[in-house]
Number of protein chains: 2
Amino acid sequence: MPVLYASRNLTECGDCPIRHRAVCAHCEKDELAELDAIKYYRSFEAGQVLVWSGDHMDFVASVVSGVATLSQVMEDGRTQTVGMLFPSDFVGRPGRDRAPYNVVATTDLVMCCFRKKPFEELMARTHNIGVRLLEMTLDELDAAREWMLLLGRKTAREKIASLLVIIAQRDASLKMCVPKGKVVFDLPLTREAMADYLGLTLETVSRQISALRREGLVSLEGKRHVTVPDFDRLQEVSGDDADGGFLA
Amino acid sequence: MPVLYASRNLTECGDCPIRHRAVCAHCEKDELAELDAIKYYRSFEAGQVLVWSGDHMDFVASVVSGVATLSQVMEDGRTQTVGMLFPSDFVGRPGRDRAPYNVVATTDLVMCCFRKKPFEELMARTHNIGVRLLEMTLDELDAAREWMLLLGRKTAREKIASLLVIIAQRDASLKMCVPKGKVVFDLPLTREAMADYLGLTLETVSRQISALRREGLVSLEGKRHVTVPDFDRLQEVSGDDADGGFLA
DNA sequence: TCGCGACCTTGATCCAAATCAAAGAACGGA
DNA sequence: TCCGTTCTTTGATTTGGATCAAGGTCGCGA
């Protein structure tokens, strides 16, 4: 997993209110102007479903603030979250019509959307945007495969630690820094959403968090505010190589 | 999962000895000539490791014949296969230096390789190749996320059925048809390789295959040659929607 | 302020799959 | 042909996480 999202993915985008992992990272000035012309903002409340699996999707978008998840649901209701969208992340599939997953806001959420047709036209004319999109898609593929290792082979304890590490890293990257030593952040997910992402039940998530707390690896204030006194130690529990950064 | 790879992915590629899901699907004649100029073939034996995770990779490639897997390994040896490469599949990451996974031949294997530098230069000049690559990467992302659902939420029985369905589909697509009714194919994987892909142990794989056999859902001749008398019934056991084809 | 609903925690029990163990195929090489 | 190796099957036992069940906490609207 790339450790430093900051250097690669966070860039200014037109007049967007955040520095974000933008489709326009390498774009020229006039391309940015074109992107600005087809963009608009949308807000959602925590729990709201932005897109249902199978829906026609007529936009692509970046997350401005908040967190959303991508999830698959089986006929009998079993649910697996297959991705999390943090601020700066991109969602949408140029050239494809329908959404393959549910997209759900897990916190209040603001998206910067681009109408799909004009976006595709711009992409066809603009080499840079295609290159950037391929980069982002490869990043997501890496993340998905990393998660396959977690789902297939890690213990519940390692899964929880891994999730906390990921959230801490994404949170830190928004502040343009790398988590180290003592780290503090908020969980943007309910226990149930965590369970859906980790392939566990919510009871197991709760129990394992309690266990990590008992051992002093994390401490909680309320249900959501997390303090990690020693980030390295948590990372060891997660079962990942100390430094998987060769991908970057 | 796309059901019909055939129509979308299998195309002629220069003088390659197979019709394959090629990077050059939409290319012009002179682009094909350039691809031909930088390609070469390599053969591997079953069990051979083509690339180690972290290695420098100076080529990208398509599978001509045989099957390979992509796998991640934890420090303590736990292994998760994160992808299978069938004939026509592409492997390699333009713009990235190092391999993030082990690539292992599970059968005897022939690859059609392209040297990476010239491939990237060609890609920079050729819009079509970038578009095709993005398409293929999105397909792989879909497959990875489908597999996340399998790893996180399916039972051992459903996992085995899903794997058999996938292999049957890929095998059928090479023959330019869709599996239906009675289907026959060879398993290109040992029980252990299946276990690594499904997040199970090899004993559980063996037991579940025996169970499916006892129920008449499949029959085996030797260890590897599989006959599925009723493909639809197997697909039901796999837990997938009857028709997940909306992605296509 | 109370009451309700949404989340979370913890305990008791169960079960699917892992682990440990042993014994068959299948196959290639001496 | 026999032996050794690799792969596979099956059995016995254990166990991590699921399931079932009961309270606890928090925040919000009446």
Side-chain angles (χ1 to χ4, degrees), chain A residues 45-48 74 76-80 104-108 150-163 186-215 218-226 237 239, chain B residues 45-48 74 76-80 104-108 150-163 186-215 218-226 237 239:
Chain A
E45 288 178 14
Q48 219 180 328
M74 293 173 69
D76 61 7
R78 280 177 282 174
T79 300
Q80 177 65 49
V104 186
T106 66
T107 65
D108 291 345
L150 176 144
L151 291 171
R153 293 304 185 195
K154 288 190 182 177
T155 63
R157 177 186 170 81
E158 289 169 332
K159 287 178 176 182
I160 295 287
S162 300
L163 180 59
D186 285 303
L187 288 174
L189 300 173
T190 64
R191 300 291 184 263
E192 187 180 22
M194 293 167 77
D196 284 342
Y197 198 22
L198 298 171
L200 298 171
T201 58
L202 67 92
E203 293 96 329
T204 298
V205 169
S206 180
R207 271 188 251 276
Q208 293 295 335
I209 290 179
S210 298
L212 293 180
R213 197 166 29 167
R214 249 177 278 124
E215 296 167 49
V218 303
S219 64
L220 293 199
E221 215 172 299
K223 312 283 177 193
R224 300 291 192 92
H225 190 74
V226 180
V237 174
Chain B
E45 288 178 15
Q48 219 179 329
M74 292 173 70
D76 60 7
R78 279 176 282 174
T79 299
Q80 177 65 50
V104 185
T106 66
T107 65
D108 291 344
L150 175 143
L151 291 171
R153 295 302 185 197
K154 288 190 181 176
T155 63
R157 177 186 169 82
E158 289 169 333
K159 287 179 176 182
I160 296 286
S162 300
L163 180 59
D186 284 304
L187 287 174
L189 300 174
T190 64
R191 300 292 184 263
E192 187 180 22
M194 293 166 78
D196 283 342
Y197 198 22
L198 298 171
L200 298 171
T201 59
L202 67 91
E203 293 96 327
T204 299
V205 170
S206 180
R207 269 187 253 275
Q208 292 296 335
I209 290 178
S210 298
L212 293 180
R213 196 165 29 166
R214 248 176 280 123
E215 296 167 49
V218 304
S219 64
L220 294 197
E221 214 172 298
K223 312 283 176 191
R224 301 291 192 92
H225 192 73
V226 179
V237 174

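A, B, ... follow the sequence lines: proteins, then strands. Residue 1 opens every chain.
- Neither OP1 nor OP2 of dG17(D) sits under 4.0 Å from any side-chain N or O of T204(A).
- Contact annotation: R207(B) side-chain N/O to dT10(D) OP1/OP2 distance is not under 4.0 Å.
- At whole-Å resolution of the value, CG in L198(A) and P in dA18(D) are 10 Å apart.
- Put simply, the side chain of R191(A) gets close to the backbone of K223(A): a donor and an acceptor are under 3.5 Å apart.
- Nucleotide dA18(D) holds its C1' atom 13 Å from the CZ atom of R78(A), rounded to whole Å.
- Nearest to the side-chain atoms of T201(B) among the listed nucleotides dA12(C), dA18(C), dC8(C) stands dA18(C).
- Distance from the side chain of L200(B) is smallest for dA18(C) among the nucleotides dG17(D), dA18(C), dT19(C).
- If you check distances only, the side chain of E192(A) never reaches the base of dC7(C) with a donor-acceptor pair under 3.5 Å.
- Within the structure, a side-chain polar atom (N or O) of R224(A) is placed less than 4.0 Å from OP1 or OP2 of dC8(C).
- Rounded to whole Å, the distance from CG on L212(B) to P on dT9(D) is 12 Å.
- dA17(C) atom P lies 13 Å from atom CG of L151(B), rounded to whole Å.
- R224(A) places a side-chain N or O within donor-acceptor distance of the main-chain N or O of L187(A), the cut-off being under 3.5 Å.
- Each of dT8(D), dT9(C), dA17(C) was ranked by its minimum atom distance to the side chain of A156(B); first place goes to dA17(C).
- In the set dC20(D), dC8(C), dA21(C), the nucleotide with an atom closest to the side chain of E203(B) is dA21(C).
- In this structure, D108(B) contributes its side chain and A46(B) its backbone to a donor-acceptor pair below 3.5 Å.
- L189(B) has its CG atom 15 Å from the C1' atom of dT8(D), to the nearest Å.
- Within 4.0 Å (heavy atoms only), G47(A) reaches no atom of the nucleic acid at all.
- Distance D196(B) CG to dA17(C) C1': 16 Å, rounded to the nearest Å.
- Atom NZ of K154(B) and atom P of dG17(D) are 22 Å apart (whole Å).
- Between S210(A) and dT10(C) there is a side-chain N or O to OP1 or OP2 distance below 4.0 Å.
- Remark: side-chain polar atoms of Q80(A) are paired, donor with acceptor, to backbone N or O of D196(A) under 3.5 angstrom.
- Put simply, CG on L202(A) is 13 Å from C1' on dG17(D), counting in whole angstrom units.
- In this structure, T106(B) contributes its side chain and P188(B) its backbone to a donor-acceptor pair below 3.5 Å.
- The shortest distance between the side-chain N/O atoms of T190(B) and the OP1/OP2 oxygens of dC7(D) is not below 4.0 Å.
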